[in-house]
Amino acid sequence: MVVSHHPLAKFAVSRENLIAHERVIEEVMKEFDSVLPVRFGTIASSADEVRNLLERRSGEFKNLLNAVEHKIELGVKAIWKDLKTIYREIAVENKDIKRAQGELRNAKGKRNLGVQLEIGKLVEDALAKKKEKERDGVAQTLRKIAFDCKLTKTSGEAMFMNASFLVNKGREQEFDNLMEDLTDLHRGRIQFLYAGPLPVFNFVNVAIYPEEWEK
Amino acid sequence: VTGQYIYCIIGSGRPESFGPGGIGAQGEELTTVCRQDIAAVVSRSPMIKYALSRDNMIAHEKAKTEENEQSSASSVTSLDGSGIEKQ
């Protein structure tokens, strides 16, 4: 039987189910030193199908199990606490923005849509560059004790880093200390959201496609 | 019709049990299906299609983010704003 051929009952992909999936993996991680997360929503029709899958992809799974052994994922988000300060810095740091703002002032209240649009675009670009620069600074510090780092899309204007680090379990405390140092160093400017230890979701995500069950 | 929902893969050659707590309202038992020295952690589940659409993945990310941010807010408060604490 193939998953995709089965009469489908629509299943609500609820927050509860998604969290349950992750929670199970986190529980298993407490007992096993190497765990490969499987993509949410993977269902085989029988235990035999699961065994077949394990046999067919055993080489790949063994390599991955070795690769993530004794490793954890730590998630770090960095968010500017006060965007007004950031925009003020951008205006000071950027010659073109200063010039355009000067032009606007010289126009003495006369509306100048062209210049306004230009400023908007310049500020947008400058913000993106500033995010990149500050992100690289923070990530570089943390990367020193990580095997790998994955940058994920940020959300919102104020977030400039959304990163996952693959770290040896034995160095978690060291990473904690680095995070404390960063927090102290950037107090008043950056809020850090630090999560973990997590399953290595951003480094391994085993996908099993319905058509595979047939082979 | 009952299927086997797969959570993760571990390096274990013998049957393991992780108690109840599987996906779905029933809190099914979590067990393993082994093949030589690797195993899949599974629980019984109806054969349903979890539509893995982009929207669902976004909902997933959002749920995770909210959880992190909620717990982060409380831990920062508890530390009197003087530090951060991992979730």
Side-chain angles (χ1 to χ4, degrees), chain A residues 1 3-4 6 8-11 13 15 17-25 27-28 31-32 34-47 49-55 58 61-62 64-65 69 74-75 77 152 155 176 179-180 183-184 191-197 199 206 208, chain B residues 1-12 16 18-19 21-25 27 30-43 45-53 55-57 59-69 71-73 75-76 81-87:
Chain A
M1 187 190 300
V3 173
S4 56
H6 200 271
L8 302 176
K10 259 290 177 206
F11 200 97
V13 183
R15 184 192 167 104
N17 284 333
L18 292 158
I19 302 286
H21 175 85
E22 298 193 353
R23 192 161 293 146
V24 169
I25 300 171
E27 283 304 310
V28 174
E31 289 180 47
F32 287 86
S34 186
V35 176
L36 307 180
V38 172
R39 190 188 276 194
F40 173 81
T42 305
I43 309 173
S45 66
S46 68
E49 262 191 2
V50 178
R51 270 186 283 272
N52 287 344
L53 168 83
L54 294 177
E55 184 179 6
S58 69
F61 292 158
K62 279 179 194 166
L64 284 171
L65 283 166
E69 188 167 17
L74 298 169
K77 288 179 185 163
T152 327
S155 61
D176 288 357
M179 284 304 301
E180 268 176 43
T183 305
D184 283 342
Q191 188 201 359
F192 289 102
L193 300 178
Y194 183 25
V206 174
I208 301 147
Chain B
V1 183
T2 307
Q4 302 281 337
Y5 184 98
I6 308 177
Y7 299 87
C8 55
I9 290 160
I10 54 177
S12 170
E16 307 280 350
F18 300 93
I23 202 161
L30 295 158
T31 57
T32 52
V33 173
C34 305
R35 167 83 208 178
Q36 290 173 350
D37 50 357
I38 44 178
V41 176
V42 300
S43 70
S45 155
M47 291 289 289
I48 35 184
K49 185 165 171 80
Y50 289 85
L52 273 176
S53 68
D55 284 353
N56 289 334
M57 285 297 104
H60 189 188
E61 275 306 309
K62 217 174 145 222
K64 278 204 299 189
T65 306
E66 278 168 15
E67 216 184 41
N68 287 344
E69 277 164 10
S71 35
S72 159
S75 71
V76 168
S82 59
I84 55 160
E85 192 178 273
K86 261 192 300 184
Q87 309 320 315

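Within every chain, numbering begins at 1; the chains are lettered A, B, ... in the order of the sequence lines, protein sequences first and strands thereafter.
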Go through A:Gly75, A:Ala20, A:Ala47 and name the one with the most non-hydrogen pairs under 4.5 angstrom from chain B.
A:Ala47

[X] side, atom [atom1]; [Y] side, atom [atom2] - distance, nearest 0.5 Å:
| X | Y | atom1 | atom2 | result |
| --- | --- | --- | --- | --- |
| B:Gln36 | A:Ser58 | CD | OG | 7.0 Å |
| A:Lys62 | B:Ile9 | NZ | CD1 | 12.5 Å |
| B:Ile38 | A:Leu53 | CD1 | CG | 8.5 Å |
| A:His21 | B:Cys8 | NE2 | SG | 8.0 Å |

Could you pull out the closest heavy-atom pair between [X] and [Y], with the gap in Å?
| X | Y | result |
| --- | --- | --- |
| A:Phe40 | B:Ile23 | CE1-CD1, 3.6 Å |
| B:Ala40 | A:Leu54 | N-CD1, 3.9 Å |
| B:Pro46 | A:Ile43 | O-CD1, 3.6 Å |

Considering only heavy atoms, which portion of [X] lies under 4.5 Å from any heavy atom of chain B: side chain, backbone, both, or neither?
| X | value |
| --- | --- |
| A:Glu55 | both |
| A:Glu69 | neither |
| A:Ser46 | backbone |

Check for a donor-acceptor pair, side chain of B:Tyr7 on one end and backbone N or O of A:Val38 on the other, with a separation under 3.5 Å.
no

Run the numbers on B:Phe18 and A:Val24 for side-chain contact (heavy atoms from CB on, under 4.5 Å), then give the verdict.
CA-CA 9 Å; B:Phe18 300 93; A:Val24 169; over 6 Å; no

Under 4.5 Å from any heavy atom of chain A, what part of [X] do you find: side chain, backbone, both or neither?
| X | value |
| --- | --- |
| B:Val41 | side chain |
| B:Leu30 | side chain |
| B:Thr2 | backbone |

